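A quick write-up on the structure given underneath.
Note that the coordinates shown come from a computational prediction; the quantities given were computed from them, not determined experimentally. In what follows, every heavy atom counts, from backbone to side chain, and hydrogens, waters and symmetry copies are set aside.
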Amino acid sequence: MRFSLRELAAASAPTLSTELRARLASQHAALAAAVVPDALQPARARLERSWLAASAAAEDTAALMEIEEGSQAAVEALRKLPEATRSGPPSQRLLRSSFSSLIGNRALVQALAAGAPLMPTAELSSLLQHVIDDSRAFCREKFGDSPEIRVAEIRVAGGEASTPADSVMLAPFVAFPVHEILKNAMGAHVRRVGADKLDQLAPIEVRHGVRAGVAFVGVSDYGGGLTEPSHALRFLQTTNKEREATYTYSRAFGSAFEGLGVGLPLAALHARYLNGKLFLNAVPNGVHAAFTFDVTGNSREPEDETPTD
């Protein structure tokens, strides 16, 4: 079944566990039956093995680890292919399918482990501030300094979401896209003027608010912009070719693909899980990114994407 966040928070452990196992088996069967071009066969086979191992795992966390390791191996395999191949629809569908399923299963496991790390809309401001502080610390560790970030809450008369007191937002799923957007924005500022001259650029602006059950977080940077913003939402597309890709985790947000062009596509899939969307728009000398998501908790999880046509 596809849960709403409200149902996810209220579901019993046996129900969640049964659904998790069913999803693991279903994704393995879909991958086993997938017909992909010859060049993608190694990646497809690696993903299939990881989902099979996940289905057989005794512990939920072990199952997630199998999927994560398989997804990382598939990314590594696809990255070695010519750009036209790894950017093509079959490769993109294969990665979206596996990662969208992984995200849904992670939500089930989190609900099983901790009653779901959910939060009410009222805590959005504090969550964003935590992500901003952590992202700036991450930037300082990498570059020696970080840009200033200016935060504003946009209040619309009569627009506050009328949600019940119980929690409906998956906090890590909100934090991840915001961190990825900020990480890119701050990196763009550093690469444009250098870590010792960040005060030459205007502060990065973060605006957020809630209206009619939909929250938004907008981030505007002045780091030079993107030629094709939509390309940044494709897996394995990166403009930072001068940086050596690594496989270290991106802070505490669960992205094991630093520099590979995976962060923003994963952020878009997290937004999709929360029945929202990630937008990237070019602005003079920069980029405006906007992340929307449902905060009512009533929208059901999206269906998993299929590996191929």
Hey, are the side chains of [X] and [Y] touching, using non-hydrogen atoms and a 4.5 Å cut-off?
{"X": "Leu94", "Y": "Leu31", "result": "yes"}
{"X": "Ile154", "Y": "His208", "result": "no"}
{"X": "Arg106", "Y": "Glu68", "result": "yes"}

Criterion ring pair (Phe, Tyr, Trp, His ring centres under 6.0 Å) on Phe216 and Phe293, from CA distance to verdict: CA-CA 7 Å; Phe216 69 90; Phe293 53 101; 9.3 Å; no
Distance (rounded to the nearest 0.5 Å) between Met65 CE and Glu59 CD: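 Atom-to-atom, Met65:CE and Glu59:CD are 11.0 Å apart.
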Using only atom types and a distance under 3.5 Å, with no angle test, would you say the side chain of [X] pairs donor to acceptor with the backbone of [Y]?
{"X": "Ser135", "Y": "Val131", "answer": "yes"}
{"X": "Ser100", "Y": "Arg96", "answer": "yes"}
{"X": "Thr85", "Y": "Leu81", "answer": "no"}
{"X": "Ser55", "Y": "Trp51", "answer": "yes"}
{"X": "Asp38", "Y": "Gln41", "answer": "no"}
{"X": "Gln200", "Y": "Val193", "answer": "no"}
{"X": "Ser50", "Y": "Leu47", "answer": "yes"}
{"X": "Ser98", "Y": "Ser71", "answer": "no"}
{"X": "His288", "Y": "Ala282", "answer": "no"}

Ion pair Glu205/Arg207, N-O distance below 4.0 Å: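 Salt bridge present between Glu205 and Arg207.
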Partners passing ring-ring contact (aromatic ring centres under 6.0 Å, His included) against Phe173 (at least two apart in sequence or in another chain):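 Here the qualifying residues are His270, Tyr273.
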